Amino acid sequence: WYTYDYFVRHNRVKELEISFSDGSTQTVTLKDEMVPQVVKIDKPVSTSFVKVKVKGIYAGSTFNDTVISELIIYDNSPAETVAVSAVKASSVYPSDADGNYEPKNVEDGVLDSMWCEGDKGDGTNQWLEFTLAQPTTVSSFVLVNGNAFSPAYHKKGNRAATATLRFSDGSTQEVAIKDFFLPQTIKLTPVSTSSVKVTFTKAYPGSDFNDLCIAEASFKP
């Protein structure tokens with residue numbers, strides 16, 4: 001997922017065989033699209049391992065290597081983050097050969113995708129607004145700051161330094177954001193809310209680009 005060009009130049013998985021410790025298996029077909037794909041297990045299974053085996057591929061235009069960017073396995077435990085029904089942004093950087101920079105990218109679980117603002121400034125006063133699936137008490141803000149592809153690319157674009165969180169009851173909280181590309185959890189004063197608007201009030205400057213980017217953002221109850 002480094003860029004769309006690299007996506008099509010390498011092989012992509014078409015068919016996966018999923019195996020579990022009880023001996024059961026399931027074969028699934030994936031779309032040849034640069035989008036996160038969720039595979040539903042036919043029947044919940046208690047297992048000590050999950051093995052995925054590539055059974056078929058979409059051929060790359062240049063290289064004969066098959067690549068997977070992210071793989072996440074979900075169990076039936078309650079979700080650790082608050083469910084979000086919609087994400088809006090103050091502005092969006094136009095799509096290019098690397099892909100799109102839509103606000104939905106901050107909740108897709110993929111570190112190689114991100115939201116980038118499209119304003120002429122450095123990202124100050126740009127915002128993301130999260131509509132929660134239902135009113136919930138939130139106590140933490142979890143963020144992957146900037147471009148999380150690598151430490152080098154993280155420094156090339158602008159990153160968030162501070163932000164104001166506004167909740168549906170009108171209250172606000174100011175937070176400081178660290179300048180590194182790994183996930184960081186920011187403690188909040190717990191508040192019951194149906195939405196959170198995150199306005200970025202200061203940015204760390206990038207070495208190459210003057211656009212603020214956020215790889216992932218979520219809230220914990």
Side-chain angles (χ1 to χ4, degrees), residues 1 16 18 20-21 26 28 30 35-52 68-89 101-116 127-151 154 159-169 171-200 213-221:
W1 274 47
L16 273 183
I18 309 171
F20 308 99
S21 61
Q26 178 179 340
V28 298
L30 302 180
V35 297
Q37 300 184 52
V38 178
V39 174
K40 295 288 187 180
I41 303 303
D42 289 336
K43 183 180 179 181
V45 58
S46 178
T47 187
S48 59
F49 68 79
V50 178
K51 178 181 178 180
V52 293
I68 296 176
S69 265
E70 301 278 340
L71 181 61
I72 302 172
I73 299 172
Y74 297 99
D75 60 17
N76 59 359
S77 301
E80 293 184 356
T81 58
V82 174
V84 172
S85 61
V87 185
K88 297 191 298 183
Y101 304 94
E102 297 294 328
K104 63 182 181 181
N105 292 341
V106 302
E107 58 162 358
D108 63 5
V110 179
L111 297 179
D112 288 357
S113 69
M114 70 204 82
W115 165 72
C116 293
W127 50 263
L128 288 167
E129 186 170 22
F130 301 81
T131 300
L132 308 186
Q134 60 185 16
T136 308
T137 297
V138 298
S139 60
S140 298
F141 178 37
V142 183
L143 191 75
V144 180
N145 202 4
N147 181 339
F149 174 72
S150 71
H154 174 77
R159 294 87 61 198
T162 60
T164 299
L165 279 62
R166 179 175 293 275
F167 307 96
S168 58
D169 64 357
S171 64
T172 61
Q173 296 184 38
E174 310 289 332
V175 298
I177 302 170
K178 297 177 181 178
D179 187 20
F180 59 83
F181 77 111
L182 297 175
Q184 54 185 292
T185 299
I186 302 169
K187 293 293 186 181
L188 304 173
T189 300
V191 57
S192 179
T193 186
S194 59
S195 65
V196 186
K197 183 176 183 180
V198 183
T199 301
F200 301 100
C213 296
I214 302 294
E216 292 288 311
S218 60
F219 302 91
K220 288 187 176 182

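For the numbers below, each heavy atom of this structure counts, side chains included, while hydrogens, waters and symmetry mates do not. In this text the structure is predicted, and so the values were computed from the model without any measurement.
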A.B. asks: Which residue is it: Thr47, Val50, Val45? I am looking for the one with a side-chain contact (heavy atoms from CB on, under 4.5 Å) to Ser21.
C.D. replies: Thr47

A.B. asks: Distance check, rounded to the nearest 0.5 Å: Phe20 atom CZ versus Ser48 atom OG?
C.D. replies: 11.5 Å

A.B. asks: To the closest 0.5 Å, what do you measure between NZ (Lys197) and NZ (Lys88)?
C.D. replies: 8.5 Å

A.B. asks: May I ask you to check whether over 12 heavy atoms, not counting those of Gln37, lie within 6.0 Å of atom CD?
C.D. replies: yes

A.B. asks: Is the closest side-chain heavy-atom distance between Trp115 and Val87 below 4.5 Å?
C.D. replies: no

A.B. asks: Spell out, as yes or no, whether a donor-acceptor pair under 3.5 Å connects the side chain of Thr199 to the backbone of Trp127.
C.D. replies: no

A.B. asks: Could you go through the side-chain hydrogen bond (donor to acceptor under 3.5 Å, both in side chains) check for Ser85 and Thr131 one step at a time?
C.D. replies: CA-CA 6 Å; Ser85 61; Thr131 300; 5.0 Å; no

A.B. asks: Go through it in stages, so that I can follow the logic: the residues are Ser140 and Leu188, the test is side-chain contact (heavy atoms from CB on, under 4.5 Å), and I'd like the CA-CA distance, side-chain angles, deciding distance and then a yes or no.
C.D. replies: CA-CA 5 Å; Ser140 298; Leu188 304 173; 5.5 Å; no

A.B. asks: How many angstroms lie between atom CG of Asn105 and atom SG of Cys116, to the nearest 0.5 angstrom?
C.D. replies: 9.0 Å

A.B. asks: Strictly distance-based, threshold 3.5 Å: is any side-chain N or O of Glu102 a donor or acceptor partner for the main-chain N or O of Ala89?
C.D. replies: no

A.B. asks: Are any non-hydrogen side-chain atoms of Tyr74 and Val38 less than 4.5 angstrom apart?
C.D. replies: no

A.B. asks: Heavy-atom distance under 4.5 Å between the side chains of Gln184 and Asn145, does that happen here?
C.D. replies: yes

A.B. asks: Specify the closest pair of heavy atoms between Ala217 and Ile214, including all atoms of both residues, with the distance to one decimal.
C.D. replies: CB-CG2, 4.4 Å

A.B. asks: Working to the nearest 0.5 Å, report the span between CD1 of Ile41 and CG of Asn76.
C.D. replies: 12.0 Å

A.B. asks: Side-chain contact, heavy-atom cut-off 4.5 Å: Val191 with Gln173?
C.D. replies: yes

A.B. asks: I'd like to know if the side chain of Ser69 and the backbone of Trp1 have a donor-acceptor N/O pair within less than 3.5 Å.
C.D. replies: yes

A.B. asks: If you look at every heavy atom in Asp75 and Ser77, which pair is closest and at what distance?
C.D. replies: OD1-N, 3.0 Å

A.B. asks: Please work out whether the ring planes of His154 and Phe181 are parallel, tilted or perpendicular, with thresholds of 30° and 60°.
C.D. replies: tilted

A.B. asks: Do Val106 and Phe130 touch side chain to side chain, with heavy atoms closer than 4.5 Å?
C.D. replies: yes

A.B. asks: Between Thr136 (side chain only) and Val138 (backbone N and O only), is there a donor and an acceptor less than 3.5 Å apart?
C.D. replies: no

A.B. asks: Tell me, do Glu216 and Val142 make a side-chain contact under 4.5 Å, heavy atoms counted?
C.D. replies: no

A.B. asks: Taking all non-hydrogen atoms of both residues into account, name the closest pair between Pro221 and Glu80 and its distance.
C.D. replies: CD-O, 3.5 Å

A.B. asks: Side-chain contact, heavy-atom cut-off 4.5 Å: Arg159 with Asn147?
C.D. replies: no

A.B. asks: Between CG of Leu111 and OG of Ser150, what distance do you get to the nearest 0.5 Å?
C.D. replies: 11.5 Å

A.B. asks: Dump the intermediate steps for side-chain contact (heavy atoms from CB on, under 4.5 Å) on Val196 and Phe167, then the final yes or no.
C.D. replies: CA-CA 5 Å; Val196 186; Phe167 307 96; 3.9 Å; yes

A.B. asks: Rounded to the nearest 0.5 Å, how far does OG of Ser139 lie from NZ of Lys187?
C.D. replies: 6.0 Å

A.B. asks: Pick one: which of Leu165, Leu143, Thr164, Val198 meets side-chain contact (heavy atoms from CB on, under 4.5 Å) with Val175?
C.D. replies: Leu165

A.B. asks: Check Asp108 against Pro36 and note the closest heavy-atom contact, atom names and distance.
C.D. replies: CB-CG, 3.7 Å

A.B. asks: Could you check whether any side-chain heavy atom of Phe219 comes within less than 4.5 Å of a side-chain heavy atom of Thr81, counting everything from C-beta outward?
C.D. replies: no

A.B. asks: Which pair of non-hydrogen atoms, one from Ala163 and one from Ile177, has the smallest distance, and what is that distance?
C.D. replies: CB-CD1, 4.0 Å

